[in-house]
Amino acid sequence: MVFQNMANMQLMMFLLAVIGFFVRKKEIIGETARKELVNFCLYITLPFNIFHSFCGMGWEWGMLREFAAVLLLSVGYNLISIIVSFLCYRKIEPDRQKPLRYGTIVSNGGFLGNPVIEGVYGAEGLFYASVFMLPVRIVMWSVGPSVFMKGRKENLLKKVLTHPCVAAIYLGIIMMFLGIEFPVFLDKTITSVSNCNTPLSMMLIGMMLAEMNPKGMLDKTMGFYAVMRLGVIPGIIFAVTAFLPVSPLLRGITVIIAGMPAPVTTALLAAKYDGNEKYATAMIFVSTVLSLFTLPVWCTLLG
């Protein structure tokens, strides 16, 4: 059943990406509009999607153990990713080393992971995935940018605490603890905006792929990165969690998020902080395409 759900979800997401690719290639949406849609997704539909995952989830103290287990699994995954990123790529030129390390530490777990988890495990899976992403987002906006910002001083803590996706988790947890129920019109509004996240996210990825030119970027290092990001890191998580007393649901969420491709922020930070933007873009392209094949494999193993 998990494999069937994953296959159907991947095919649907692939077709949505194709639509986005066509829309961008035909200039129906230009580059400026695409960038604005990315912000709209990151700051509106994704936070609504995260918040919506907490709606209807009445808190029971029996959930506390699972809640703590999710956070511990997330912390463990982040530590493994950070260690792997700094053990690899030591001999790579600095402008490529930055995006390679960042893309190993951070996966596309929030932007792409939520719709995949929701498609495979439903609302309960999305709820725990949102909790799992809390430490991930902290690393994403602290350790991650530090790879690019050598010697720079920026208020990273403020960025973490005020990020809309993190705020959505705080608000969702408060709502769940207090048992708040919204009026029908407000609940439907939240649900409607939340439902926009999956199609918009995938069409945006298709648009981004249409802008990328991976020619000349497909070298041995790129292949090594794809193996680490899509194979080795989720493989380590898969092996370690096999010996831990965690539920199949939590194990599946951890492995799937660990096996996600490079995030869009890889290219954005590379452009801003003197990394190789073209190489970072190729990383996103290659890992995203290959993940269409590797994620169903991981789901089969998990099944």
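Because the structure is a prediction, the values reported are computed rather than measured.
Contact annotation: the side chain of T198 approaches that of M12 to within less than 4.5 Å [non-hydrogen atoms, C-beta and beyond]. L71 is not listed as a side-chain neighbour of F132, based on a closest heavy-atom distance of 4.5 Å or more. Put simply, the side chain of R34 reaches to within 4.5 Å of the side chain of E211, judged on heavy atoms. Within the 4.5 Å cutoff, side-chain heavy atoms of D219 are placed close to those of R96. The closest side-chain heavy-atom distance from L126 to Y121 is not below 4.5 Å. When side chains are defined from C-beta on, P99 counts as touching M283, because their heavy atoms get closer than 4.5 Å. C299 places a side-chain heavy atom less than 4.5 Å from the side chain of I256. Side-chain atoms of I284 and P261, non-hydrogen and from C-beta on, never get closer than 4.5 Å to each other.
In this structure, CD1 on I190 lies 4.5 Å from CZ on F182, to the nearest 0.5 angstrom. Rounded to the nearest 0.5 angstrom, N276 CG and E93 CD are separated by 8.0 Å. Put simply, CG on N49 and CD1 on I44 are 13.0 Å apart, with the number rounded to the nearest 0.5 Å. Rounding to the nearest 0.5 angstrom, the gap separating the CG atom in L295 from the OG1 atom in T300 is 10.5 Å. Here the CD1 atom belonging to I50 is positioned 4.0 Å from the SG atom belonging to C165, to the nearest 0.5 angstrom. The structure places CE of M202 at 10.5 Å from CD1 of I19, a figure rounded to the nearest 0.5 Å.
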Quiz item: Run the side-chain contact (heavy atoms from CB on, under 4.5 Å) check on R101 and F86 step by step: do they pass?
Solution: CA-CA 7 Å; R101 283 184 170 175; F86 283 94; 3.7 Å; yes
Quiz item: Can you list the steps and then say if M203 with R24 is a side-chain contact (heavy atoms from CB on, under 4.5 Å)?
Solution: CA-CA 9 Å; M203 284 189 282; R24 183 67 188 93; over 6 Å; no
Exercise. Carefully, step by step, assess T45 and S194 under the rule side-chain contact (heavy atoms from CB on, under 4.5 Å).
Key: CA-CA 6 Å; T45 62; S194 172; over 6 Å; no
Exercise. For the pair N197 and F48, evaluate side-chain contact (heavy atoms from CB on, under 4.5 Å) and give the outcome as yes or no after the intermediate values.
Key: CA-CA 8 Å; N197 185 62; F48 266 83; over 6 Å; no
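Across all non-hydrogen atoms, the minimal contact from G252 to L302 is CA-CD1, 3.7 Å. Among all heavy-atom pairs drawn from I253 and G125, the shortest one is CD1-O, 3.5 Å. Contact detail for G109 and I257: the closest heavy-atom pair is CA-CG2, 4.1 Å. For L250 against A69, the heavy-atom pair with the smallest separation is CD1-CB, 3.9 Å. Contact detail for S291 and P296: the closest heavy-atom pair is O-CD, 3.9 Å. What you find for G20 and M207 is that their closest heavy atoms are O-CG, 3.3 Å.
Note on L244: it clusters hydrophobically with F238, by side-chain heavy-atom contacts below 4.5 Å among ILVMFWY residues. Transitive grouping of hydrophobic side chains (ILVMFWY, heavy atoms separated by less than 4.5 Å) brings F185 and F51 into a common cluster. Both I117 and L301 are assigned to one and the same hydrophobic cluster, defined by single-linkage of ILVMFWY side chains at heavy-atom distances under 4.5 Å. L204 and I29 end up in the same hydrophobic cluster when Ile, Leu, Val, Met, Phe, Trp and Tyr side chains are linked at under 4.5 Å. Linking ILVMFWY side-chain heavy atoms closer than 4.5 Å, directly or via other members, places V75 and L73 in two distinct hydrophobic clusters.
Considering only residues two or more places apart in sequence or on other chains, K188 meets the salt bridge (charged side-chain N to carboxylate O under 4.0 Å, His left out) condition with none of them. The side chain to side chain contact (heavy atoms under 4.5 Å, CB included) check on L134 picks up V166, I169, Y170, with sequence neighbours excluded. For the side-chain hydrogen bond (donor to acceptor under 3.5 Å, both in side chains) test, no residue two or more places apart in sequence or in another chain qualifies with D187.
Hydrophobic clustering, defined by side-chain heavy atoms of Ile, Leu, Val, Met, Phe, Trp and Tyr closer than 4.5 Å, leaves V184 isolated from every other such residue. Under a 4.5 Å side-chain heavy-atom cut-off, the cluster of Ile, Leu, Val, Met, Phe, Trp and Tyr residues that includes L87 is completed by I83.
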Can you give the donor-acceptor pairs under 3.5 Å from side chains of residues 221-237 to other protein atoms, not counting sequence neighbours?
unit_1: Y225; atom_1: OH; unit_2: G103; atom_2: O; d: 2.8
unit_1: R229; atom_1: NE; unit_2: M260; atom_2: O; d: 3.1
unit_1: R229; atom_1: NH1; unit_2: G103; atom_2: O; d: 3.4
unit_1: R229; atom_1: NH1; unit_2: T104; atom_2: O; d: 2.8
unit_1: R229; atom_1: NH2; unit_2: Y77; atom_2: OH; d: 3.3
unit_1: R229; atom_1: NH2; unit_2: A258; atom_2: O; d: 2.6

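In the displayed structure, F22 atom CZ is contacted under 6.0 Å by at most 12 heavy atoms of other residues, nucleotides or ligands. The neighbour count for E181 CD, taken as heavy atoms of other residues, nucleotides or ligands under 6.0 Å away, does not exceed 12.
Of the N and O atoms on the side chains of T265 and Y102, at least one donor lies less than 3.5 Å from an acceptor on the other residue.
When each of I105, I82, L269, L100 is paired with V147, the side-chain contact (heavy atoms from CB on, under 4.5 Å) condition holds for I105 and for no other.
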